[in-house]
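Note that ligands are numbered from 1 as they come in the structure, with each ligand's atoms numbered from 1 the same way.
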Amino acid sequence: MGGTVVNCKKCNKIFQQRLHPICPDCVRLEEEKFTRLYRLLQESAPQGGIAIQVLSNTVGVPVDAIEKMYMEGRLSTAGLYLKMPCQACGALCGERDRKGRFCHKCSELTANKAGVEVKSVQDIRRAEELEMKRQAQEAILKKARPDKPDANRFGFSVRR
Ligand SMILES: [Zn+2]
Ligand SMILES: [Zn+2]
């Protein structure tokens, strides 16, 4: 049994695909990067954690990829030391100072605004979703009514 022959999504080399969309060499490279990333996170514990941007620059893994690993729980206990900016106020916080994508302060504000009683992480996710929907709706409404009043609405300009 062999996989289909495809181009590696990373280095474009042709290889027999089995599990990954990238070739064995790239898989090994990714694993090395992951190990390094994981170790850096653990080592940052005495300092209270490491900022996601710093980690990204050091290891050469994009911020959104690290975010995904964290969300998928791949960083396990080391994820505790990953400092990410709050999606609302930008404050850099570790897992203890954060609820979902927001810092404690912002998640409370969001929950209040959305009228959700926060008892678990699921409630916060729900509040975030409601808030995102509300923001999207607001954006649509803003587009519908122009910000600037039409200067030529009266068809002439006022002169003294
Ligand atoms: Zn490759
Ligand atoms: Zn915040």
Side-chain angles (χ1 to χ4, degrees), residues 1-41 44-142:
M1 45 175 250
T4 18
V5 177
V6 293
N7 287 79
C8 170
K9 292 260 190 300
K10 287 241 145 155
C11 69
N12 214 29
K13 198 165 68 192
I14 290 170
F15 76 109
Q16 287 254 323
Q17 186 177 18
R18 291 208 165 81
L19 278 172
H20 306 282
I22 57 177
C23 74
D25 287 341
C26 287
V27 168
R28 211 189 50 234
L29 218 72
E30 293 293 295
E31 276 166 4
E32 276 169 18
K33 276 185 187 173
F34 180 78
T35 308
R36 216 175 141 220
L37 187 146
Y38 197 88
R39 210 168 288 154
L40 276 169
L41 271 172
S44 74
Q47 295 98 53
I50 184 167
I52 192 166
Q53 188 64 61
V54 176
L55 197 61
S56 162
N57 292 345
T58 313
V59 189
V61 176
V63 164
D64 52 356
I66 300 176
E67 225 173 69
K68 199 165 162 249
M69 287 175 196
Y70 172 75
M71 292 299 186
E72 287 170 353
R74 287 183 60 203
L75 301 175
S76 73
T77 50
L80 200 63
Y81 308 114
L82 182 65
K83 286 188 172 183
M84 295 200 288
C86 163
Q87 294 285 298
C89 73
L92 215 57
C93 33
E95 198 170 80
R96 286 200 182 92
D97 316 313
R98 194 178 53 224
K99 285 179 178 169
R101 279 174 290 199
F102 295 152
C103 70
H104 282 317
K105 209 174 66 194
C106 291
S107 71
E108 246 161 62
L109 284 175
T110 306
N112 283 345
K113 227 194 266 176
V116 173
E117 197 187 342
V118 176
K119 282 185 185 148
S120 68
V121 180
Q122 276 77 36
D123 293 332
I124 295 153
R125 292 271 146 80
R126 202 154 56 87
E128 280 179 9
E129 266 163 37
L130 286 169
E131 174 64 9
M132 298 289 184
K133 256 186 219 155
R134 198 192 59 78
Q135 278 177 14
Q137 235 157 27
E138 208 169 64
I140 292 166
L141 283 176
K142 233 179 216 163

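Counting only heavy atoms from C-beta outward, the side chains of M69 and V61 approach each other to under 4.5 Å. At a threshold of 4.5 Å between non-hydrogen side-chain atoms, the residues S44 and L55 do not count as touching. Residues C103 and D97 have side chains not in contact (no heavy-atom distance under 4.5 Å, counting atoms from C-beta outward). Taking 4.5 Å as the limit, every side-chain heavy atom of Y81 sits out of range of all side-chain heavy atoms of I50. Using a 4.5 Å heavy-atom threshold, the side chains of Y38 and T77 count as touching.
Partners of E72 by salt bridge (Lys or Arg N to Asp or Glu O under 4.0 Å), not counting sequence neighbours, listed by chain and number: K68. Annotation: salt bridge (Lys or Arg N to Asp or Glu O under 4.0 Å) contacts of K13 (sequence neighbours excluded): D25.
Protein nitrogen, oxygen and sulfur atoms, that is N, O or S, within less than 2.8 Å of the Zn ion (ligand 1) amount to 4.
A salt bridge does not link E95 to K83: none of the charged nitrogens lies less than 4.0 Å from a carboxylate oxygen. Between E138 and K142 there is no salt bridge, since no side-chain nitrogen of the basic residue lies less than 4.0 Å from a carboxylate oxygen of the acidic one.
For the Zn ion (ligand 2), protein N/O/S neighbours under 2.8 Å (waters excluded) are C86 SG, C89 SG, C103 SG, C106 SG.
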